[in-house]
Amino acid sequence: MRRAFLAGALVGLTGCAGEPLGYFDTAGPIASSIANLGIGLTAISVAVCVVVALLLAAAIWRRRGAGDAGIQPVNDRQPIRWILAGVALSTVFLVASAVWTLATVQATLPPAHPGLTVDVAGQEWWWAVKYESSDPSRQFTTANQLVIPVGVPVQVNLTSKDVIHSFWIPKLGGKMDMIPSRTNVTWIEADRAGHYRGQCSEFCGLQHANMAFDVLALSPADFQTWWDRQLQPASAPADDPGLTTFMARCAVCHTVRGTDAGGILGPDLSHFGSRSTIAAGLMPNTPANLSNWIDNTQTIKPGAKMPELHMLAGEVADVTAYLEGLH
Ligand code: CUA
């Protein structure tokens, strides 16, 4: 109950919709070791505060009882014994905390043999995601979503295209900064299938709070199916009115594999219809939300690089239908 309340309060602070970040409801080995350390160190800190407060209260009580004469030590050695006992006790707990912390850091180091490697590039205010493979024909790019297989350690290579961002999926792993012109390496692993929420956790500008992404953990077999599907080209017919409008108005910035749309300024939209959220985790991916986003981008996410396109209502409907059909 208390955990649920704390999690709710923290999620409230980040102001995000959708999946809760779930700091305490961990679903992977790294996140669990970090959460255990956090809870353990908090418990030790609270215990120390309580013991010190009780000793202080006892001392005040004794002094009050002793009256104006004050407290006289029973013998000369008594005060020094208290100090030695205090130092010894503190040393034991501090050394234990340090060893526990170092062991947790060790547990977060990237595995020597990751089952999957993904490159994630942060930028204001979205995430470009590239799936690596030793077979170049199996590499592909997507955006604002991370699909991973359950029970497989996933190495995540992190960089930034502009300012410092930070990659964090509280239920699955530790937080790691994304720094321009260098690559930081972290890893995540999910113990069970489901959706998890990722969130930028380094202030990076006006829409920092709205720089999130969805993580979907699938069984290894479902993950292979998903990957194979991502490698297929988009499915709309060439005379689709939505595709025509998309090519005229959107293709300068966005890519849809299998079409002539090859822009790289905005998120890759291949298989857009299969994603669960839009605008970097801001809203559920529904036709109504997508139309609203195309129509009112700068009202919904002021400062985002995507301009308002002032499309006709029919064009918005066509592009929405086209994108939602990209599975
Ligand atoms: Cu990106 Cu905060």
Side-chain angles (χ1 to χ4, degrees), residues 7-23 28 30-31 34 38 108 110 117-131 141-148 154-188 195-216 253-255 263-269 272 275-285 289 293 296-307:
L10 287 167
V11 168
L13 286 174
T14 65
C16 294
E19 289 293 315
L21 288 167
Y23 298 82
I30 320 172
I34 293 171
T108 64
T117 302
V118 182
D119 302 334
V120 180
Q123 47 215 293
E124 292 177 325
W125 289 281
W126 60 281
W127 317 76
V129 180
K130 184 182 177 199
Y131 280 73
T141 301
T142 178
N144 299 325
Q145 69 163 4
L146 204 51
V147 179
I148 59 172
V154 179
Q155 177 176 320
V156 189
N157 300 327
L158 301 168
T159 189
S160 169
K161 297 261 174 75
D162 38 44
V163 300
I164 297 176
H165 302 276
S166 194
F167 176 92
W168 195 25
I169 309 160
K171 284 186 177 184
L172 299 185
K175 175 163 92 73
M176 179 74 78
D177 279 2
M178 315 172 89
I179 298 168
S181 77
R182 67 162 287 159
T183 302
N184 282 344
V185 178
T186 188
W187 68 286
I188 54 171
H195 283 279
Y196 305 97
R197 188 177 178 82
Q199 172 69 41
C200 181
S201 35
E202 178 70 43
F203 183 73
C204 54
L206 190 57
Q207 295 300 334
H208 157 71
N210 292 326
M211 185 174 167
F213 59 102
D214 179 55
V215 184
L216 174 59
C253 295
H254 294 284
T255 291
I264 54 167
L265 290 175
D268 186 305
L269 299 179
F272 174 87
R275 298 178 197 168
S276 58
T277 64
I278 59 173
L282 185 54
M283 297 175 285
N285 185 5
N289 281 343
W293 169 249
N296 304 295
T297 316
Q298 291 300 321
T299 309
I300 297 170
K301 199 166 176 175
K305 297 282 194 298
M306 178 161 150

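Atoms within each ligand, like the ligands themselves, are counted from 1 in listed order.
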Q. Of all heavy-atom pairs between Ala280 and Lys301, which one has the smallest distance, and what is that distance?
A. CB-NZ, 3.6 Å

Q: Write down the atom of Ile164, the atom of Cys204, and the distance for their closest heavy-atom approach.
A: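 Reported closest heavy-atom pair: O-CB, 3.7 Å.
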
Q: Could you give me a count of protein N/O/S atoms that are under 2.8 Å from atom 1 (Cu) of ligand 1?
A: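 Every protein N, O or S atom under 2.8 Å from atom 1 (Cu) of ligand 1 counted, the figure is 4.
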
Q: Would you please say whether a donor-acceptor pair under 3.5 Å links the side chains of Ser166 and Asp177?
A: yes

Q. Is a side-chain donor-acceptor pair under 3.5 Å present for Thr141 with Asp268?
A.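 Thr141 and Asp268 do not have a side-chain donor-acceptor pair below 3.5 Å.
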
Q: With side chain to side chain donor-acceptor pair (under 3.5 Å) as the test, would you mind laying out the steps for Asp214 and Ser276 before giving the verdict?
A: CA-CA 7 Å; Asp214 179 55; Ser276 58; 2.7 Å; yes

Q.
Given Phe213, which partner from the list Trp125, Trp126, Phe167 fulfils the ring-ring contact (aromatic ring centres under 6.0 Å, His included) test?
A. Phe167

